[in-house]
Protein chains: 2
Amino acid sequence: MAIKVYLEEVLKARGMTSKELSALVGITEANLSILRSGKAKGIRFSTINKICYYLNCDVGDILKFDGILDMEDTEDHE
Amino acid sequence: MAIKVYLEEVLKARGMTSKELSALVGITEANLSILRSGKAKGIRFSTINKICYYLNCDVGDILKFDGILDMEDTEDHE
DNA sequence: TCCCGAATTATCGTAAAACAATAATTTTGT
DNA sequence: ACAAAATTATTGTTTTACGATAATTCGGGA
């Protein structure tokens, strides 16, 4: 995916576990895991908001564009 | 909202109109307007991907956390 | 090498909302 | 004043975020 999720590295930098963050944010560990592993297809601003708040970081620290236009979702593929 | 959308300024910096971007991204002008004005509650990564690609910018240029924990969506409010 | 807690993965269900399509109204630049 | 751009409004469809739950796997001690 062209938009990459860097939750893992920010968590590590903060010395926080997924479990702790999920508790703070109020999201299940399962869903945080999906987000963390890049399997989520989108996200609510309210969720990014809480994540950034509790990790004390900015959106750009967690989500980054790798320069590639992903066409996985353009009808005609596969 | 604690997650702010800076589409307007990036567009301006690129000298591009909303109409042009909506055509490139493949989203309606109406929906881009909602996003641009901060009325959207979330976004798909596929959409951010295209926006970043066509505006040649990173996620952090468009979405920023203003440091405030927004509670507008926490059951008990209002 | 057991344990145990953390993390991942998988299912199923629900509610939210992204986005399309369309059209009307408003704003803005010239 | 005019035309293009942008906003706003409506309605409908479909995606999917996220909850709840549970089973499986991974990882670091003791």
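All values below come from the heavy atoms of this structure, side chains included, with hydrogens, waters and symmetry mates left out. Letters go in sequence order (proteins before strands), and every chain restarts at 1.
From Met71(A), atom CE reaches atom CG of Asn49(B) across 8.5 Å, with rounding to the nearest 0.5 Å. Put simply, CZ on Arg14(A) and CG on Leu21(A) are 11.0 Å apart, with the number rounded to the nearest 0.5 Å.
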List, with names and distances, any nitrogen or oxygen atoms from the protein found under 3.5 Å away from nitrogen or oxygen atoms belonging to nucleotides 24-30 of chain D.
none

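Put simply, chain A comes within 4.0 Å of DNA chain C, heavy atom to any atom, from dA6(C) to dA17(C), going 5' to 3'.
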Q.
What verdict does the side-chain contact (heavy atoms from CB on, under 4.5 Å) test give for Lys50(B) and Ile27(B), after you've listed the backbone C-alpha separation in whole Å, the side-chain angles of each residue and the deciding distance to 0.1 Å?
A. CA-CA 10 Å; Lys50(B) 291 175 200 156; Ile27(B) 193 180; over 6 Å; no
Please tabulate, for the side chains in residues 53-69 of chain A, all donor-acceptor contacts under 3.5 angstrom to protein atoms that are two or more places apart in sequence or on a different chain.
| from | atom 1 | to | atom 2 | distance (Å) |
| --- | --- | --- | --- | --- |
| Asp58(A) | OD1 | Phe65(B) | N | 2.9 |
| Asp61(A) | OD2 | Asp58(A) | N | 2.8 |
| Asp66(A) | OD1 | Ile68(A) | N | 2.9 |

Output side-chain donor-acceptor pairs under 3.5 Å for residues 30-37 of chain A, partner residues at least two apart or in another chain, one line each.
| from | atom 1 | to | atom 2 | distance (Å) |
| --- | --- | --- | --- | --- |
| Asn31(A) | ND2 | Thr28(A) | OG1 | 3.2 |
| Arg36(A) | NH1 | Ser18(A) | OG | 2.2 |
| Arg36(A) | NH2 | Glu8(A) | OE2 | 3.0 |
| Ser37(A) | OG | Ser33(A) | O | 3.0 |
| Ser37(A) | OG | Ile34(A) | O | 3.2 |
| Ser37(A) | OG | Lys39(A) | NZ | 3.4 |

Q: Let me have a per-nucleotide readout for nucleotides 7-23 of chain D, 5' to 3', with B, S or -, counting only protein heavy atoms under 4.0 Å.
A: SBB-----BSSBB-B--
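For Lys41(A), the salt bridge (Lys or Arg N to Asp or Glu O under 4.0 Å) criterion is met by no residue, not counting sequence neighbours. Shown here are the side-chain contact (heavy atoms from CB on, under 4.5 Å) partners of Glu9(B), two or more places apart in sequence or in another chain: Tyr6(B).
Sorted by first then second residue, the salt bridge (charged side-chain N to carboxylate O under 4.0 Å, His left out) pairs that include residues 24-34 of chain B, not counting sequence neighbours, are Lys19(B)-Glu29(B).
Between its opening and closing five pairs, the helix from dT1(C)-dA30(D) to dT30(C)-dA1(D) changes axis direction by 80°, a value rounded to 10 degrees.
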